[in-house]
Amino acid sequence: MLGFIIQRFLQAVAVMAVMSVIVFCGVYAIGNPIDIVIPPEATQDIREEAIRRLGLDRPLYEQYFIFMGNLLQGDLGRSFVYNIPVLELIGGRLPATLELVLISVISAAVLGVSLGIYAGYRPDSWVSKTIMAISVLGFSVPSFWVGLILILFFAVNLGWLPAGGRGETVEIWGVAWSFPTLNGLSHIVLPAVNLALFKLAMMIRLARAGTREIMLTDTIKFARAAGLAEGTILRRHLLKLISIPIITVFGLELGSTLAFAVVTETIFSWPGVGKLIIDSIGVLDRPVMVAYLILVAFLFVTINFVIDLVFAMIDPRLRQGATA
Amino acid sequence: MSTANTPLRRFWAEFRENKVALVALVVVALMILLAVFASVVSPQNPYDLANLSLMDSRRPPGFVGSGGYTHILGTDPQGRDLLSAIFYGLRISIQIGLAAGFVSLTIGTTLGILAAYVGGRIEALIMRLVDLQLSFPAILLALVIVALLGQGKAQLIGALVVAQYAYFARTAYGAAKAERGKDYVEAALATPLSTRLVVMRHLLPNCMPPLIVVATVQIANSISLEATLSFLGLGLPVTEPSLGMLISNGFPYMMSGRYWISVYPGVALIILIVGINLVGDQVRDQFNPRLRK
């Protein structure tokens with residue numbers, strides 16, 4: 001097991017190194033940030049001084065190593081636009097995004113798996129067909145459009161829920177959260193539903209497909225022959241057998257929900273990281289773009305690493321296969 | 001059951017039995033026809049600025065404009081007839097979806113089969129890259145690439161391809177790896193046929209079924225991704241709006257109750273995407289041997 005962990009860890013480090021090169025070169029090879037940083041009427045001296053100060057006169061690989069050196073000391077640079085450290089900027093927006101993403105993903109997983117198992121267990125009932133129809137919609141309909149419709153119905157026409165912003169927040173450990181206040185909670189509902197819908201559809205499909213396949217296997221036949229109650233079979237055998245793909249997807253979805261939060265946050269003006277990145281792309285604020293992408297890559301690599309470990313714990317075959 | 005004998009006919013006979021998928025197929029075909037003949041069926045050419053009048057902008061459905069005809073679905077902020085704009089928008093969305101889908105299919109399949117066939121270092125390199133990309137959300141990748149490349153059709157298609165080719169590569173790799181070990185491939189290789197010919201004529205066709213399924217899903221995804229990017233303001237220029245752009249244009253007016261500008265292009269987009277997905281679903285079920293009794 002230790003060998004497996006070390007092997008996977010080294011792989012993760014290698015992937016991170018490659019990602020950092022790709023992101024850095026990709027973002028820094030294009031566009032000239034100088035025009036954003038200093039006003040056009042600045043003199044040539046000021047211009048060159050700014051270029052030197054930002055290290056833009058050095059070759060790309062040198063810039064990369066300076067960047068990586070700073071990165072390893074926890075310094076991701078300063079935003080060109082806000083002129084504060086990027087980490088501080090992103091850190092300040094992160095709670096809003098995390099709050100939204102966690103609420104969406106957890107509710108989507110709990111609801112989705114239950115509905116999916118039902119739909120797979122009784123594939124021909126009308127309830128299952130309705131569940132599947134909803135999941136097709138959730139899968140197909142672009143999430144930004146769902147967001148618009150939610151706003152149109154619940155905010156504009158019915159006036160029940162606010163259309164954007166975070167509402168009242170409460171400070172816990174020095175960080176502002178929306179969910180403890182009623183007003184804040186009402187602001188979360190629409191963006192959370194919007195963000196959760198796609199995940200919900202995905203969980204339903206996965207759980208249903210898994211259930212349909214597993215129900216035909218000998219495991220279930222023997223469990224039934226042994227006289228186990230259907231509920232016990234579902235809980236103890238089926239859930240365990242369909243859980244591997246679901247855990248993977250859950251983990252990956254946690255990351256991709258953060259990515260999709262970009263869209264939801266833009267629609268609902270939710271002041272999270274996604275809104276920040278869209279604004280930064282608009283004005284070509286390189287340090288923010290690079291830092292965001294590297295953090296997202298880090299997040300994905302970490303999630304993949306954790307998933308691999310969880311798999312190895314659940315399924316010993318994977319452990320042996322990988323170390324052999 | 002019909003008395004069909006060719007595989008294609010058998011496939012069609014089975015497909016026809018699923019009424020939902022059949023209706024979806026008809027609807028998708030209809031929308032493609034509308035897109036192709038947009039200039040014939042639309043009451044107005046929405047790209048011709050001479051046709052547009054700002055007097056007609058943001059009018060509700062059923063409004064009779066200065067052109068003397070009824071705007072069945074109303075008009076948008078530029079005074080375009082929304083129905084015409086939707087037909088033309090469909091054309092752009094479908095073009096981009098198909099182009100991105102086919103280019104990614106070609107690149108992805110080539111890489112996947114190359115990896116599976118050649119093996120060794122090349123296999124490790126390609127598949128590492130593909131896995132790396134698959135773990136990264138496509139929308140973010142597309143977002144960054146469009147931001148870097150700038151706006152335009154070619155850039156957009158490029159971004160979609162980079163974001164999606166990995167799905168094809170993974171699928172083609174899996175299929176080719178499985179087919180590679182089968183006897184018919186060995187037998188074909190034992191004949192004097194060139195390796196290239198064996199790969200193209202024998203290996204590739206047998207890898208197609210799963211790739212077709214991925215292709216339908218990815219075309220729908222491309223269309224949806226393009227709409228999302230356009231909505232975020234990173235897609236195509238405003239002068240020739242795709243469906244996503246039309247929706248985006250209408251968003252600011254939604255709060256004041258002018259719902260139609262966003263809603264109708266959205267409905268068109270959804271019918272298209274849901275239709276393609278339903279067809280894709282049926283095709284996938286038919287290709288999946290595990291669901292066969």
Side-chain angles (χ1 to χ4, degrees), chain A residues 11 14-15 18-19 22-23 26-27 29-31 132-133 136-137 139-149 151-153 155-157 163-164 205 209 212-213 216 251-253 255-260 262-263 266-267 274 277-278 280-282 284 289 292-293 296-297 300-301 303-304 307, chain B residues 20 24 128-129 131-132 134-141 143-150 217 220-221 223-234 243-244 247-248 250-251 254-259 262-263 265-267 269-278 280-281 288 290-291 293:
Chain A
Q11 267 181 18
V15 167
V18 173
M19 280 307 279
I22 295 176
V23 167
V27 174
I30 298 164
M132 290 320 290
V136 170
L137 280 182
F139 226 51
S140 310
V141 179
S143 88
F144 74 94
W145 201 74
V146 176
L148 295 191
I149 295 303
I151 289 182
L152 183 64
F153 266 113
V156 178
N157 285 356
R205 287 187 155 206
R212 277 189 77 182
E213 262 172 37
L216 298 175
L252 289 175
E253 283 309 298
S256 84
T257 314
L258 277 174
F260 258 101
V262 171
V263 179
T266 308
I267 301 170
I277 187 67
I278 285 285
S280 301
I281 287 178
L284 279 179
M289 287 163 75
Y292 176 77
L293 289 174
V296 171
F300 271 89
V301 170
I303 289 173
N304 276 326
I307 290 173
Chain B
V20 177
R128 277 283 114 182
L129 189 71
D131 283 343
L132 186 66
L134 281 180
S135 68
F136 213 72
I139 177 129
L140 258 187
L141 218 55
L143 207 68
V144 173
I145 294 168
V146 170
L148 294 177
L149 294 181
V217 174
N221 267 352
I223 293 174
S224 157
L225 209 55
E226 180 275 321
T228 307
L229 290 174
S230 292
F231 179 77
L232 293 175
L234 293 165
L243 292 175
I247 297 169
S248 170
F251 185 41
M254 204 161 198
M255 295 298 178
S256 53
R258 294 192 181 90
Y259 65 91
S262 279
V263 169
V267 170
L269 180 68
I270 285 163
I271 294 176
L272 180 66
I273 295 175
V274 173
I276 298 177
N277 278 338
L278 284 173
D281 260 10
N288 186 355
R290 280 200 265 190
L291 288 180
K293 298 277 160 64

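Heavy atoms only: backbone and side chains are in, while hydrogens, waters and symmetry mates are out. Letters A, B, ... are given to chains in the order of the sequence lines, protein chains preceding strands, and every chain is numbered from 1.
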Using non-hydrogen atoms only, which part of [X] is less than 4.5 Å away from chain A: side chain, backbone, both, or neither?
| X | result |
| --- | --- |
| B:Leu225 | neither |
| B:Ala227 | both |
| B:Val146 | neither |
| B:Leu269 | side chain |
| B:Asn221 | neither |

Original post:
When rounded to the nearest 0.5 angstrom, what distance separates CZ in B:Phe231 from OG in A:Ser143?
Top reply: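 So the gap between those two atoms works out to 9.5 Å.
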
Report yes if the side chains of [X] and [Y] come closer than 4.5 Å at any heavy-atom pair, otherwise no.
| X | Y | answer |
| --- | --- | --- |
| B:Ile276 | B:Ile223 | yes |
| B:Thr228 | B:Leu143 | no |
| A:Trp145 | B:Val267 | yes |

Subject >> Heavy-atom proximity to chain B below 4.5 Å, by part of A:Leu148 >> reply: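 Both parts, heavy atoms under 4.5 Å.
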
Subject >> Contacting region of A:Ile267 [heavy-atom separation from chain B under 4.5 Å] >> reply: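 For A:Ile267, the contact with chain B is made by backbone and side chain together.
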
Original post:
B:Ala24 and B:Leu278: which non-hydrogen atoms are nearest, and at how many Å?
Top reply: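 Taking every non-hydrogen atom into account, CB-CB, 3.7 Å.
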
Original post:
Taking the side chain from A:Thr266 and the backbone from A:Val262, do they hold a donor-acceptor pair closer than 3.5 Å?
Top reply: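 Yes; judged by distance alone, with no hydrogens or angles, the pair exists.
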
